[in-house]
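First up is the structure itself, then whatever we jot down about it.
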Number of protein chains: 2
Amino acid sequence: MVRPTLKKQTPNLKEVIKEAAWKQIAEFGASALSLRAIARELKITAPAIYNYFPSRDDLVTALIIDAYTSLGDSQIEARDALPQNGISKRMRAVGLAYRNWANTYPQRYQLIFGTPIPGYEAPLMEVLPSAARSLSALVSVVEQLRQAGKLNVDAFPKVRAEYKESFEIWKTHGGDVDLLSLSVAMIIWSRVHGIVSLEIAGSLPPFGPSGNDLYLYELDSIANQFIKE
Amino acid sequence: MVRPTLKKQTPNLKEVIKEAAWKQIAEFGASALSLRAIARELKITAPAIYNYFPSRDDLVTALIIDAYTSLGDSQIEARDALPQNGISKRMRAVGLAYRNWANTYPQRYQLIFGTPIPGYEAPLMEVLPSAARSLSALVSVVEQLRQAGKLNVDAFPKVRAEYKESFEIWKTHGGDVDLLSLSVAMIIWSRVHGIVSLEIAGSLPPFGPSGNDLYLYELDSIANQFIKE
DNA sequence: AAATTTACTATACAGTGTATATATACAGCG
DNA sequence: CGCTGTATATATACACTGTATAGTAAATTT
């Protein structure tokens with residue numbers, strides 16, 4: 001047998017490969033991802049995967065984009081579940097959704113923010129659209145706060161002129177918002193990311209169930225610091 | 001030739017192996033670490049390394065412990081460079097030293113806080129002493145603030161009784177300090193870690209030289225929030 | 001019906017960590 | 001000095017990885 005008849009072939013093999021990859025990542029961790037193992041599970045040969053992904057890294061990139069998309073969906077959904085006029089509540093909801101998503105899909109989180117794949121480095125330009133979108137919910141909420149005059153940014157460092165270019169990339173994918181809002185969103189992101197990443201890594205054991213109390217405290221800290229009135 | 005004469009053997013082969021490993025990590029990244037490549041550089045065979053490290057993971061563990069020790073040294077040194085009565089300044093110095101160390105040794109930082117080694121998971125009990133020590137400088141400064149009545153912890157979440165046990169481990173290695181101080185230290189750590197990890201990962205481009213301004217802003221935020229008067 | 005493209009298999013290569021067996025150099029002891 | 005035991009290395013081999021290449025059968029197009 002050299003090749004099975006098409007009737008027995010899987011139609012959406014590209015999707016099926018990714019599903020098998022996620023399944024493996026969920027079970028054995030992202031670092032154990034192996035083309036051959038995927039092929040084994042799908043009962044095809046390893047080089048066959050090359051018809052759909054030029055290399056293992058391209059498969060990983062596709063998975064990362066999927067993960068960012070999943071995070072972005074979760075973030076946008078959390079924001080839009082609350083009325084547009086309750087900006088503070090929306091910000092809190094987005095924050096809660098972030099940790100919730102990370103704890104629901106720790107492997108996806110690690111795939112994005114850790115680097116558990118040997119020798120893999122994400123190609124920025126391919127990943128950026130979905131990455132920017134995943135932050136867009138937070139960014140939009142901060143921007144709304146700013147437009148309402150409720151953003152407290154006394155003493156916030158100015159974005160230096162020579163770095164504005166870096167932000168342009170984000171703006172093209174994440175919506176045309178004020179540089180200041182983007183900056184504040186990124187520092188808020190760094191805070192929640194700080195706790196969540198330590199929690200996912202298991203370095204933050206001693207608070208409530210899975211660091212919940214501490215996380216709520218940080219969300220309050222963020223609100224107190226950045227929301228006026 | 002089956003084995004070279006002892007005169008040509010390297011005496012501290014264990015240390016030499018680690019040095020070669022760091023050299024490789026610095027050059028090709030932590031994920032590219034390979035026993036065989038180390039052996040090639042040292043002109044020995046790969047299995048010879050097994051006389052000094054039972055497995056590749058044990059070598060990685062040794063490297064991680066070294067990295068934590070290096071971080072701890074840097075932290076303690078930064079703290080002790082300033083007079084004991086200037087607690088706020090000491091805290092800031094420790095914070096600055098953290099980012100400085102991370103930017104000086106990004107590979108070490110990634111080795112500790114990322115998981116770039118395929119299939120490796122750090123054995124907590126072996127790593128914890130050096131890990132706890134690396135945080136001890138910050139913890140001690142926070143504890144000093146608390147003892148001086150300068151720690152602002154209104155509304156700080158209580159450590160729940162069932163999790164106090166987790167802290168005991170830290171206390172045995174990081175000094176006998178108050179649980180509250182330890183908790184506050186960990187949230188401060190999560191903040192600086194949040195920024196620094198994003199910066200190391202290259203996700204935080206648009207602020208001053210390498211995120212310096214933003215980091216200083218966060219150190220101020222921390223001081224404003226947690227230091228009374 | 002013939003030609004072309006697609007989608008796979010088969011095979012092979014260089015790399016990895018590591019288990020096993022083996023040989024030598026050295027230390028200690030008679 | 002010679003013998004023995006152990007530490008320290010080599011040699012070899014196995015199973016695994018990603019991936020390059022070639023070939024073949026099926027499906028599609030002409």
Side-chain angles (χ1 to χ4, degrees), chain A residues 1-18 20-21 24-25 27-64 111 115-123, chain B residues 1-18 20-21 24-25 27-64 111 115-123:
Chain A
M1 174 245 300
V2 176
R3 189 196 157 185
T5 64
L6 199 75
K7 307 208 173 190
K8 290 191 177 180
Q9 288 178 235
T10 322
N12 291 345
L13 198 44
K14 190 163 185 171
E15 284 303 315
V16 176
I17 289 171
K18 286 201 287 185
Q24 271 194 37
I25 287 175
E27 194 165 355
F28 306 107
S31 61
L33 194 134
S34 146
L35 290 192
R36 293 183 114 107
I38 293 170
R40 225 166 337 193
E41 180 171 330
L42 301 182
K43 296 185 176 171
I44 58 177
T45 59
I49 297 178
Y50 281 69
N51 284 314
Y52 302 94
F53 301 96
S55 77
R56 190 205 51 162
D57 286 7
D58 291 276
L59 170 58
V60 174
T61 299
L63 294 174
I64 286 179
L111 194 66
T115 46
I117 304 291
Y120 175 81
E121 205 152 333
Chain B
M1 175 246 300
V2 176
R3 189 195 157 186
T5 66
L6 198 76
K7 307 208 172 190
K8 290 192 176 181
Q9 287 178 236
T10 322
N12 291 345
L13 199 42
K14 190 163 184 171
E15 283 304 313
V16 176
I17 289 172
K18 286 202 288 185
Q24 271 195 38
I25 287 175
E27 194 165 356
F28 307 106
S31 60
L33 193 135
S34 146
L35 290 191
R36 294 183 114 107
I38 293 170
R40 224 170 305 149
E41 180 171 330
L42 301 182
K43 296 185 176 172
I44 58 178
T45 59
I49 298 177
Y50 281 69
N51 285 313
Y52 302 94
F53 300 97
S55 76
R56 190 206 51 164
D57 285 7
D58 291 276
L59 170 59
V60 175
T61 299
L63 294 174
I64 286 179
L111 195 65
T115 46
I117 305 291
Y120 175 82
E121 205 151 335

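The sequence lines fix the lettering, A, B, ..., with proteins before strands; numbering per chain opens at 1. Side chains included, hydrogens not; waters and symmetry mates left out as well; all remaining heavy atoms used.
- Phosphate contact (OP1/OP2 of dT17(D), side-chain N/O of R40(A), threshold under 4.0 Å): present.
- Computed from coordinates, the L33(B) CG to dT17(D) C1' distance equals 17 Å when rounded to whole Å.
- Counting only heavy atoms from C-beta on, L35(A) has its side chain closest to dT19(D) among dT18(C), dC8(C), dT19(D).
- Atoms CG and OH, on N12(A) and Y52(A) in that order, are 9.5 Å from each other to the nearest 0.5 Å.
- Applying the 3.5 Å distance criterion, the base of dA9(D) shares a donor-acceptor pair with the side chain of N51(B).
- Nearest nucleotide to the side chain of Y50(A), out of dA20(D), dA9(D), dA11(D): dA20(D).
- Residue contacts for I49(B): at a heavy-atom cut-off of 4.0 Å it reaches no nucleic acid atom on any strand shown.
- Judged by distance alone, the side chains of D58(B) and S55(B) do bring a donor and an acceptor atom under 3.5 Å apart.
- Among the nucleotides dA19(C), dG17(C), dA10(C), the one closest to the side chain of P47(B) is dA19(C).
- The nearest whole Å value for the distance from the CD1 atom in I17(A) to the C1' atom in dA7(C) is 11 Å.
- Closest approach to the A46(B) side chain among dT19(D), dT10(D), dT18(C) is made by dT18(C) (side chain taken as heavy atoms from C-beta onward).
- One interatomic measurement links the two molecules: CD1 of I38(B) to C1' of dG15(C), which rounds to 15 Å at whole-angstrom precision.
- Distances shorter than 4.0 Å separate some side-chain N or O of S34(A) from OP1 or OP2 on dT17(D).
- Annotation: the span from Q24(B) atom CD to I38(B) atom CD1 amounts to 5.0 Å, rounded to 0.5 Å.
- Here the CD1-CD1 distance, from I17(A) to I49(A), works out to 5.0 Å after rounding to the nearest 0.5 Å.
- Distance, L42(B) CG to dT10(D) P: 11 Å, rounded to whole Å.
- The interatomic distance linking R56(A) (CZ) with dA20(D) (C1') rounds to 16 Å, in whole Å.
- Atom NZ of K14(B) is separated from atom C1' of dA7(D) by 15 Å (rounded to the nearest Å).
- Applying the 3.5 Å distance criterion, the base of dG15(C) shares no donor-acceptor pair with the side chain of R36(B).
- Rounded to whole Å, the distance from NZ on K43(A) to P on dT9(C) is 13 Å.
- Here the CG-CZ distance, from L35(B) to R40(B), works out to 11.0 Å after rounding to the nearest 0.5 Å.
- Taking 4.0 angstrom as the limit, Y52(B) places a side-chain polar atom (N or O) nearer than this to OP1 or OP2 of dA9(D).
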